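Just below is one structure, and these are the notes that go with it.
The sequence lines fix the lettering, A, B, ..., with proteins before strands; numbering per chain opens at 1. From a predicted model like this one, the values you see are computed outputs, not experimental measurements.
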There are 2 protein chains.
Amino acid sequence: MKQPAICPKFEKAISLLSQRWTALVIYQLLSGSQRFSEIQSAIGISGKVLSERLKELEQQEVVKREVIPETPVVIEYSLTEKGKSMEPILRTIENWSQQWVKLESE
Amino acid sequence: MKQPAICPKFEKAISLLSQRWTALVIYQLLSGSQRFSEIQSAIGISGKVLSERLKELEQQEVVKREVIPETPVVIEYSLTEKGKSMEPILRTIENWSQQWVKLESE
DNA sequence: TCTATAACTTACTTTATGTAACTTAGTTTA
DNA sequence: TAAACTAAGTTACATAAAGTAAGTTATAGA
């Protein structure tokens with residue numbers, strides 16, 4: 001009765017994407033590089049968790065961080081190639097949601 | 001500086017999929033209807049959380065529950081049409097993971 | 001010197017998840 | 001007939017993750 005184990009690469013992808021906020025952060029960055037505070041207000045995430053997520057995403061090489069020496073200093077976050085390659089995932093979810101998700105208000 | 005709000009249907013889809021275990025449960029059911037204990041051992045989720053997730057997924061009409069009066073009674077879970085329509089999402093993640101995810105062991 | 005700003009960080013509270021033992025109902029087994 | 005077994009949960013308790021709001025750091029302008 002042993003079942004084939006779930007592919008570890010798939011599992012790793014799922015565990016990344018199914019952390020709260022991660023998918024929304026990536027989705028948000030699909031529209032171009034943005035600053036910490038922009039991402040924060042766009043998706044309504046707390047500074048604490050956004051900071052954690054961005055570090056993890058940097059470490060996974062999904063997001064890159066760039067310091068811009070303005071005044072006060074500004075930090076720009078953008079997607080790497082790996083990050084951009086996730087666009088089809090987000091678009092597939094987007095399409096599905098338009099077809100299948102019902103809101104309370106409907 | 002107001003940004004366009006994120007589409008509420010998309011947000012709802014994301015909040016469903018980014019709950020821990022939800023995507024894996026759906027993925028598991030893509031290979032056919034299964035019993036509580038099969039899902040549990042296949043993906044390594046605790047009975048408590050699996051029970052919570054299955055209730056939510058039933059409520060969202062993604063999963064359906066069927067009582068089979070064997071002995072002892074068996075409960076079969078399977079995907080509804082809405083659930084099956086999520087297959088492209090999982091396959092897109094699966095494909096991406098094969099191309100981009102690196103494991104520790106590599 | 002005082003105030004302002006962006007990007008965090010910290011301390012503390014609330015919520016979610018994990019673990020393991022327990023429940024229920026019908027069924028064998030001793 | 002009573003003890004034991006099974007599937008599918010549920011409960012109580014412990015740990016981890018997320019939310020909130022105040023605080024920190026560095027630079028600069030009033």
Side-chain angles (χ1 to χ4, degrees), chain A residues 1-3 6 11-29 32-60 62-79, chain B residues 1-3 6 11-29 32-60 62-79:
Chain A
M1 275 302 190
K2 199 175 294 175
Q3 303 191 259
I6 290 179
E11 262 198 300
K12 192 172 175 185
I14 287 288
S15 83
L16 182 71
L17 282 167
S18 70
Q19 268 193 100
R20 198 172 290 179
W21 300 111
T22 299
L24 275 182
V25 169
I26 295 168
Y27 179 78
Q28 186 62 25
L29 289 175
S33 73
Q34 283 166 66
R35 305 154 60 159
F36 191 92
S37 55
E38 287 179 296
I39 302 172
Q40 203 180 347
S41 62
I43 67 179
I45 187 179
S46 73
K48 175 195 164 190
V49 177
L50 179 54
S51 159
E52 285 172 15
R53 287 300 177 273
L54 288 170
K55 276 179 191 162
E56 292 161 12
L57 289 171
E58 250 192 285
Q59 187 140 8
Q60 298 296 317
V62 169
V63 159
K64 70 169 175 286
R65 179 183 193 270
E66 194 183 352
V67 179
I68 296 173
E70 286 182 5
T71 174
V73 71
V74 156
I75 315 266
E76 290 259 325
Y77 290 95
S78 57
L79 296 177
Chain B
M1 276 304 189
K2 199 177 292 174
Q3 304 191 260
I6 290 178
E11 262 198 300
K12 191 171 174 186
I14 287 287
S15 84
L16 182 71
L17 282 168
S18 70
Q19 270 193 100
R20 197 173 290 179
W21 300 111
T22 298
L24 276 182
V25 169
I26 296 168
Y27 179 79
Q28 186 61 26
L29 290 174
S33 73
Q34 283 166 66
R35 304 153 61 159
F36 191 91
S37 55
E38 286 179 296
I39 303 173
Q40 203 180 347
S41 62
I43 66 179
I45 186 179
S46 73
K48 175 196 164 190
V49 177
L50 179 54
S51 160
E52 285 173 15
R53 288 298 177 274
L54 288 169
K55 277 179 192 162
E56 292 161 12
L57 288 172
E58 251 193 283
Q59 188 139 7
Q60 298 296 316
V62 169
V63 158
K64 70 170 175 286
R65 179 183 193 271
E66 195 182 353
V67 179
I68 295 174
E70 287 181 6
T71 173
V73 70
V74 156
I75 315 268
E76 290 258 326
Y77 290 95
S78 56
L79 295 178

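For the pair B:Ile39 and B:Leu24, the minimum side-chain heavy-atom distance is 4.5 Å or more. Within the 4.5 Å cutoff, side-chain heavy atoms of A:Leu79 are placed close to those of A:Val63. The closest side-chain heavy-atom distance from A:Gln28 to B:Ile6 is below 4.5 Å.
Across the protein-nucleic acid pair, B:Leu50 atom CG and D:dG9 atom C1' stand 10 Å apart, rounded to whole Å. Protein atom CD of B:Gln34 is 15 Å distant from nucleotide atom P of D:dA7, rounded to whole Å. Residue B:Arg20 contributes atom CZ, which lies 6 Å from atom P of D:dA17 at whole-angstrom precision. Here the C1' atom of nucleotide C:dA11 and the NZ atom of A:Lys48 are 10 Å apart, to the nearest Å. Taking atom CD of residue B:Glu52 and atom P of nucleotide C:dT17, one finds them 7 Å apart after rounding to whole Å. Counting to the nearest Å, the P atom of D:dG19 and the CD atom of A:Gln19 are 12 Å from each other. In this structure, the CD atom of A:Glu76 is 12 Å from the P atom of C:dC8, given to the nearest Å. One atom, CZ of A:Arg35, and another, P of C:dA6, lie 6 Å apart when rounded to the nearest Å.
Distances shorter than 4.0 Å separate none of the side-chain N or O atoms of A:Ser37 from OP1 or OP2 on C:dA6. In terms of phosphate contacts, B:Arg65 brings no side-chain nitrogen or oxygen within less than 4.0 Å of OP1 or OP2 of D:dA8. Using a 4.0 Å cut-off, some side-chain N or O of B:Ser51 falls inside it from OP1 or OP2 of D:dT10. Phosphate proximity of C:dC8 to A:Tyr77: present, with a side-chain N or O under 4.0 Å from OP1 or OP2. For C:dT9, one of the phosphate oxygens OP1 or OP2 lies less than 4.0 angstrom from a side-chain nitrogen or oxygen of A:Lys55.
Sequence order on DNA chain C of the closest nucleotides to B:Glu70 and A:Gln40 puts A:Gln40 first from the 5' end.
For A:Ile75, taking side-chain heavy atoms from C-beta onward, the closest of the listed nucleotides D:dG19, D:dG9, C:dC8 is C:dC8. The side chain of B:Trp21 approaches C:dT17 more closely than any other nucleotide in the set D:dT6, C:dT17, C:dA7.
Listed here is the closest heavy atom pair of B:Ser33 and B:Glu76: OG-OE1, 2.6 Å.
Remark: the backbone N or O of B:Arg20 is paired with a side-chain donor or acceptor of B:Arg53 at under 3.5 angstrom.
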